[in-house]
Amino acid sequence: MIALENVTKTYGQHIALKDVSLRVERGQIAGLLGRNGAGKTTALNLLTGYFPPDAGKVTVDGMDMLEKPRECKRRIGYLPERPPLYDEMTVRDYLGFVSDLREVAPGDRKRHVGEILEVCDLGETADRIIGNLSKGTRQRVGIAQALCGSPEVLILDEPTVGLDPKQVVEIRSLIRRLGEGRTILFSSHIISEVQQLCTHALILHEGRLIRAFDLREGPMGENGTLRLRLSVRGKESELLPAIRSIPCVRQAERLERTDPDTAEIRIVGARQDDRGLLTDQLFRLLAALDAPIRRLQPERDDLESVFLEATSGT
Ligand code: ATP
């Protein structure tokens, strides 16, 4: 688990991060989204202990980065925007070298490097000189170096930037595989990438964390509001007042019909937590009204519209 707690970071007069709190738990893949200059790299550099915050706390598994920098850093693998590769070394030698730096026991080093080469699909490239590799393969070597020392946390700064479409797909699938059992935080400009790959999305804007979502859960309405879309046989004039009488329904509105027999209704509940209760009551009510449900599904704002709305106005 990694966290920023009320962190502020300035560069001279410029405030890069203002009172930012965020948290990524084990098993989560979190995408840090933001426009240019939003503060993404600054947040990642704080989390890796590259520099300290001016105020607030950085923690890794509950330990304070300032109090226990060694223990914290040992748990983190980092792929910076420009991976620190040595062009004249072979992939295998380089990963051996990084493993030494990360205190892998000499007797374990060969096996450790072999495992990383396999995970990152670098077996056939292991004895090639890094300087001769394609950008996508270099990026995989960059991720491989972050895995040296078996850190539980991976922090990746724009891991797919500058890659061709096939390389992007390969890196995304590698990140997805690595996410099992680890904590991953990566920054990106690409909203669809975060939507596809991540369990969580964090939106930074002008140095503030303005939205945080669990992408695996239902709708992403404002402030955790529950929104459902109901397709049901019947007349809106009878259905709407009945649905509005359910206690945890805040709003019910008619949407355009696509089929003359089927009413389309958007239901807004008070809270996400009411979902079970609301659907139980809705099923009972519609059964009593003899109005068969054709479809009931949560309505989500897509991440793109949320991002554009949240970061607009400047
Ligand atoms: P990008 O997507 O363009 O990489 P970012 O979201 O990663 O941007 P940061 O690199 O964290 O943003 O920068 C946040 C702000 O702090 C920007 O306005 C940037 O110009 C400024 N900044 C970053 N590093 C420094 C520095 N070393 N000295 C002064 N200002 C800096």
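One-based numbering, in listed order, for ligands and for the atoms of each.
Within the 4.0 Å heavy-atom shell around ligand 1 one finds Gly39.
Checking Arg254, Arg257, Arg229 one by one against Glu264, the salt bridge (charged side-chain N to carboxylate O under 4.0 Å, His left out) holds for a single residue, Arg229. Checking Asp93, Asp100, Leu101 one by one against Phe97, the side chain to side chain contact (heavy atoms under 4.5 Å, CB included) holds for a single residue, Leu101.
Contact annotation: for His189 versus ligand 1, heavy atoms closer than 4.0 Å belong to the side chain alone.
Contact check for Gln281 versus Pro247: side-chain heavy atoms found under the 4.5 Å cut-off.
The Glu158 neighbourhood of ligand 1 comprises atoms 2 (O), with distances under 4.0 Å to a heavy atom of that residue. The atoms of ligand 1 that sit less than 4.0 Å from any heavy atom of Ala16 are 16 (O). Below 4.0 Å from some heavy atom of Lys40 lie the following atoms of ligand 1, by number and element: 1 (P), 2 (O), 5 (P), 6 (O), 7 (O), 8 (O), 11 (O), 12 (O). Near Arg35, the atoms of ligand 1 lying under 4.0 angstrom from a non-hydrogen atom of the residue are 6 (O).
Of the protein's non-hydrogen atoms, Thr42 OG1, 2.5 Å is the one closest to atom 11 (O) of ligand 1. Looking only at protein heavy atoms, the nearest one to atom 26 (C) of ligand 1 is Tyr11 CD2, 3.5 Å. In this structure, the protein non-hydrogen atom closest to atom 14 (C) of ligand 1 is Gly37 O, 3.4 Å. Among protein heavy atoms, atom 18 (O) of ligand 1 sits closest to His14 NE2, 3.1 Å. Considering only non-hydrogen protein atoms, atom 10 (O) of ligand 1 sits nearest to Thr41 CB, 3.7 Å. Protein heavy atom in closest approach to atom 3 (O) of ligand 1: Asn36 OD1, 3.2 Å.
The distance from atom OG1 of Thr279 to atom CD1 of Ile267, rounded to the nearest 0.5 Å, is 10.0 Å. Atom CZ of Phe213 sits about 9.5 Å away from atom CG of Leu33, to the nearest 0.5 Å. One finds the CE atom of Met1 at 9.5 Å from the CE atom of Met63 (value rounded to the nearest 0.5 Å). Rounded to the nearest 0.5 angstrom, Thr199 OG1 and Asp214 CG are separated by 6.5 Å. Interatomic distance, Lys9 NZ to Lys18 NZ, rounded to the nearest 0.5 Å: 15.5 Å.
Put simply, atom 20 (O) of ligand 1 has no protein non-hydrogen atoms near it, under 4.0 Å away.
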>> What verdict does the side-chain hydrogen bond (donor to acceptor under 3.5 Å, both in side chains) test give for Ser187 and Asp157, after you've listed the backbone C-alpha separation in whole Å, the side-chain angles of each residue and the deciding distance to 0.1 Å?
In response: CA-CA 5 Å; Ser187 65; Asp157 200 352; 2.6 Å; yes
